[in-house]
Amino acid sequence: MGRPPCCDKPGIKKGPWTPEEDLILVSYIQEHGPGNWRSVPINTGLLRCSKSCRLRWTNYLRPGIKRGSFTPHEEGIIIHLQALLGNKWAAIASYLPQRTDNDIKNYWNTHLKKKLIKLQETIGSHDPFAIEAATVNPEFAGVQLQQQHPHSPPPMLPAQITSQGCSKGG
DNA sequence: AAGGCATTCAACCGCCTAAAC
DNA sequence: AGTTTAGGCGGTTGAATGCCT
């Protein structure tokens, strides 16, 4: 036998969370801390799967989450990291602590994808670093049209990015 | 003002990996 | 060492909302 069963009770509730459920979840986590998600629905009486609790906390209730539109700088970081790491949203989110992986993923799929396609057409390049530069600096697109760099700069490590511009100290 | 279409975002699903037994 | 499960992640979906005709 391995670990005890999880989340197998019938009547698991799905769909949007109510403010009451949020309150229960937040209160419980404030008291016990995040982790051991299996115990959350058991101890709180929430009719939610442990996964659902974790997701709700991680993506919405967790303190310090910044909501609202992304800044051009954040966009640039996301584009850069996406070029480096691919669709590793959790890894990308780790460089933007105020944003969740789900948020970044949604933003990428709804905004940046389209933006990139347009930029690729505008600057005539599929180079992700040129596109990133054009995103942060719209004027760069015009420069690209004139210069058409023979090769793009070497990829910047995420640590470099954070040290350069992500030091929004709270 | 109403209906239809497009967009956004919260949440679910399924898969993978690490951990517990 | 093998089996089983929890936790984590990325992809996808569907309801809500806004915009256009």
Side-chain angles (χ1 to χ4, degrees), chain A residues 1-122 126 128-129 131-132 134-136 138 155-159 161-162 166 168:
Chain A
M1 275 290 271
R3 301 168 83 154
C6 148
C7 245
D8 59 352
K9 65 177 176 184
I12 291 292
K13 189 179 169 188
K14 291 182 182 178
W17 280 65
T18 64
E20 288 78 17
E21 288 176 314
D22 282 347
L23 196 64
I24 292 170
L25 182 58
V26 169
S27 302
Y28 181 83
I29 291 175
Q30 279 176 347
E31 196 172 335
H32 298 88
N36 197 6
W37 295 106
R38 183 176 157 266
S39 70
V40 175
I42 294 171
N43 293 338
T44 60
L46 284 169
L47 298 176
R48 295 281 183 173
C49 171
S50 58
K51 279 187 176 185
S52 185
C53 294
R54 184 185 63 81
L55 202 70
R56 182 65 179 172
W57 172 258
T58 306
N59 290 335
Y60 201 84
L61 300 174
R62 196 183 64 188
I65 290 180
K66 180 179 166 188
R67 308 199 69 79
S69 40
F70 285 65
T71 65
H73 179 69
E74 286 174 319
E75 278 188 19
I77 291 174
I78 293 168
I79 292 168
H80 190 104
L81 289 172
Q82 204 278 342
L84 277 177
L85 305 172
N87 294 357
K88 303 291 181 187
W89 306 118
I92 294 170
S94 68
Y95 293 98
L96 294 169
Q98 294 177 312
R99 302 290 188 179
T100 71
D101 56 351
N102 207 38
D103 250 1
I104 293 171
K105 180 172 59 182
N106 279 333
Y107 191 69
W108 176 267
N109 286 329
T110 56
H111 293 84
L112 294 182
K113 251 186 186 175
K114 296 172 196 170
K115 208 169 181 175
L116 284 183
I117 289 169
K118 279 190 180 178
L119 276 170
Q120 281 171 359
E121 290 168 358
T122 304
H126 288 244
F129 301 105
I131 292 164
E132 177 208 345
T135 306
V136 180
M156 191 188 291
L157 293 171
I161 296 170
T162 50
C166 204
K168 292 188 286 272

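A note on names: the letters A, B, ... follow the listed sequences, proteins ahead of strands, and every chain is numbered from 1.
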### Message
If you go through the side-chain atoms of A:Asn36, does one of them form a donor-acceptor pair with the base of C:dA6 closer than 3.5 Å?
### Response
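Result: no qualifying N/O pair found.
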### Donor/acceptor link under 3.5 angstrom from A:Lys51 side chain onto base of C:dG8
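Counting by modelled atom types and ignoring angles, a donor-acceptor contact under 3.5 Å is found here.
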### Query
Contact class for A:Thr58 vs. all strands (heavy atom < 4.0 Å): base, sugar-phosphate, or nothing?
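Nothing, no nucleic acid heavy atom in range.
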For the pair made of [atom1] in [X] and [atom2] in [N], what is the distance, rounded to whole Å?
X	N	atom1	atom2	value
A:Lys66	B:dC9	NZ	C1'	18 Å
A:Asn106	C:dG14	CG	P	15 Å
A:Arg48	B:dA11	CZ	P	8 Å
A:Asn102	C:dT13	CG	C1'	12 Å
A:Lys105	C:dT12	NZ	P	10 Å
A:Leu25	B:dA11	CG	P	11 Å
A:Asn59	C:dG7	CG	P	16 Å
A:Ile12	B:dC13	CD1	P	11 Å

[N] phosphate, OP1 or OP2, under 4.0 Å from [X] side-chain N/O:
X	N	result
A:Arg54	C:dG8	yes
A:Lys13	B:dA11	no
A:Trp108	C:dG10	no

### Message
On DNA chain C, does the nearest nucleotide to A:Ser39 precede the nearest nucleotide to A:Leu55 from the 5' side, or the other way round? Give the residue.
### Response
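Result of the comparison: A:Ser39.
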#### Entry: Residue met sooner reading DNA chain C from 5', once A:Pro16 and A:Asp101 are mapped to nucleotides
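Comparing both residues, the 5'-ward one is A:Asp101.
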### Query
Which nucleotide in the list C:dG10, B:dA10, B:dC12 gets nearest to the side chain of A:Arg67?
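Per side-chain heavy atoms of A:Arg67, the pick is B:dA10.
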### Query
A:Asp103 has a side chain; which of B:dT8, B:dA10, C:dG10 sits nearest to it?
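The nucleotide sitting nearest to the side chain is B:dA10.
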### Task
Look at the rings of A:Phe70 and A:Tyr107 and say which category their plane angle falls in: under 30° parallel, 30 to 60° tilted, over 60° perpendicular.
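The arrangement is parallel - the two ring planes meet at less than 30°.
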### Query
Should the pair A:Lys13-A:Glu21 be classified as a salt bridge under the 4.0 Å nitrogen-to-oxygen rule?
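Here A:Lys13 pairs with A:Glu21 in a salt bridge, since their nearest N and O are under 4.0 Å apart.
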#### Entry: Any donor-acceptor pair under 3.5 Å from A:His80 side chain to A:Gly76 backbone
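No, the answer is negative, given that no donor and acceptor are paired below the 3.5 Å cut-off.
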